[in-house]
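In what follows, a structure is listed as structure tokens, so that the remarks can point back to it.
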Amino acid sequence: MTEHGNASTYVNHGCRCQWCTAANTERGREQRRVRFASRRIVDGVLVAPVPQHRHGIANTYTNWGCRCAPCAGAHRRASRDRYWRRVAVTR
Ligand SMILES: [Zn+2]
Ligand SMILES: [Zn+2]
């Protein structure tokens, strides 16, 4: 029997009921809080303790709060892409 209201049920069993979805959202928030707290200040910039190859992607900027130049640049590019896609759709 599957228990609902668990992030693991959401991930492992693919359950998308409101309780499992809420639990998974909550876990993501908690994970992000812990990740954000693990950042270090390098040259006055908050940098996430992720492997080198994880820098320079928008995901690290968003989920880890990494503000190093490559991550910030990737985030800027992603935002700009989103902006232009939206403009293209509405026109
Ligand atoms: Zn469920
Ligand atoms: Zn970074």
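Counting starts at 1 for both ligands and their atoms, following the listed order.
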Sub-4.5 Å side-chain heavy-atom contact between Arg40 and Val47 = no
Candidate list Val45, Ile41, Val42, test side-chain contact (heavy atoms from CB on, under 4.5 Å), partner Arg67, passing option | Val45
Which is the closest N/O/S atom of His4 when seen from the Zn ion (ligand 1)?
-> ND1
Taking the Zn ion (ligand 2) as the apex, SG on Cys66 and SG on Cys68 give an angle, to 10°, of 110°
Under 3.5 Å donor-acceptor, Thr21 side chain and Arg16 backbone = yes
Backbone or side-chain N/O/S of His13 under 2.8 Å of the Zn ion (ligand 1) | no
Angle at the Zn ion (ligand 1) (to 10°), with one arm to SG of Cys15 and the other to SG of Cys20 = 110°
Test: Glu30 and Arg33 ion pair at under 4.0 Å | yes
Atom nearest to the Zn ion (ligand 2) - His55, N, O or S atoms considered | ND1
Between Arg39 and Pro49, is there a donor-acceptor pair closer than 3.5 Å when you use the side chain of the first and the backbone of the second?
-> no
